[in-house]
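Heavy atoms only: backbone and side chains are in, while hydrogens, waters and symmetry mates are out.
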Amino acid sequence: GAVNKESLNLHAEILLRLGDARSRAGDSADARGSFEEAAGIGRREGDPELLAEAALGYARVLEPVQLGLGGILITAQTQLSTTAIALLEDTLKALPEGDGSLRARALARLATELYVTDPELRLEISQRALDMALRLGERTAPLGALPGPRRCRAGFRGPGGAGRCHSSPLSPRRSSS
């Protein structure tokens with residue numbers, strides 16, 4: 001009953017924190033395992049927020065920290081991205097329809113994971129994440145989903161408008177009034 005649900009919630013929270021700690025310590029495989037276990041609890045318990053946090057955590061672990069060995073690294077990264085994509089797609093199916101912070105973050109991360117596998121879909125999902133984040137007033141949430149020049153065109157300047165966009169033909173023109 002309630003004790004079991006409370007115990008599962010605590011276990012899932014510990015798994016999320018453990019995944020973060022393991023990721024920061026460079027223990028990627030165990031970090032991914034912690035996030036996958038938390039995602040499993042989220043699925044079984046019908047908890048879309050837990051599933052979303054676990055999927056986002058899993059996908060964060062995948063960010064490359066070094067380059068090397070060409071095809072070997074790319075193959076491993078692609079296999080890991082497939083799992084991240086599946087978790088993020090499950091998350092988007094489980095989350096309530098409509099605008100929401102977790103949905104915008106999951107869309108943005110899915111777009112990032114699709115970078116190599118489906119560039120056209122990536123751009124479509126990036127735009128959806130961007131539009132949603134802007135409607136929600138979250139101007140920095142989907143930054144990871146946008147290629148650099150698009151960040152400037154979208155008006156992203158960081159928290160409080162900080163930061164600059166480099167002058168380029170893609171940057172928006174500012175009127176001098």
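- Here the closest heavy-atom approach between residue Leu87 and residue Ala39 is recorded as CD2-CB, 3.7 Å.
- Leu18 and Leu56 sit in two unconnected hydrophobic clusters of ILVMFWY residues. Membership requires side-chain heavy atoms under 4.5 Å apart, directly or through other members.
- The two residues Leu92 and Ala106 make their nearest non-hydrogen contact at CD2-CB, 3.8 Å.
- Between atom CG of residue Leu110 and atom CD1 of residue Ile125 there is a gap of 4.0 Å, rounded to the nearest 0.5 Å.
- Minimum interatomic distance between Arg109 and Ala59 (heavy atoms only, all atoms of both residues): NH2-O, 2.9 Å.
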side-chain hydrogen bond (donor to acceptor under 3.5 Å, both in side chains) for Ser34 and Arg22? Distances and angles first, verdict last. CA-CA 9 Å; Ser34 294; Arg22 286 175 164 167; 2.7 Å; yes
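- Closest of all the heavy-atom pairs between Ala54 and Phe35 is CB-O, 3.4 Å.
- For the pair Ser126 and Ala111, the tightest heavy-atom approach, listed with the atom from each and the gap, is OG-CB, 3.3 Å.
- Residue Arg122 holds its CZ atom at 5.5 Å from OG1 of Thr112, rounded to the nearest 0.5 Å.
- Transitive grouping of hydrophobic side chains (ILVMFWY, heavy atoms separated by less than 4.5 Å) brings Leu50 and Val61 into a common cluster.
- Looking at Leu88 and Leu107, their side chains never come closer than 4.5 Å, going by heavy atoms from C-beta outward.
- Inter-residue side-chain proximity for Ile41 and Asp47 is flagged as unmet; no heavy-atom pair is nearer than 4.5 Å.
- Taking CG of Asp99 as the start and CG of Leu134 as the end, the distance is 10.5 Å to the nearest 0.5 Å.
- With rounding to the nearest 0.5 Å, the separation of CZ in Arg135 from CG in Leu130 is 9.5 Å.
- Contacts of Arg103 classified as side chain to side chain donor-acceptor pair (under 3.5 Å), with partners at least two apart in sequence or in another chain: none.
- Ion pairing of Glu36 with Arg43 is absent here, as no side-chain N (NZ or NE/NH1/NH2) approaches a carboxylate O to less than 4.0 Å.
- Between Thr91 and Ala55, the shortest heavy-atom distance links the atoms OG1-CB, 3.4 Å.
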Can you give each donor-acceptor pair under 3.5 Å made by side-chain atoms of residues 8-16, sequence neighbours left out, with the distance rounded to 0.1 Å?
| unit_1 | atom_1 | unit_2 | atom_2 | d |
| --- | --- | --- | --- | --- |
| Asn9 | ND2 | Lys5 | O | 3.4 |
| His11 | NE2 | Glu37 | OE2 | 3.1 |
| Glu13 | OE2 | Arg17 | NE | 2.9 |

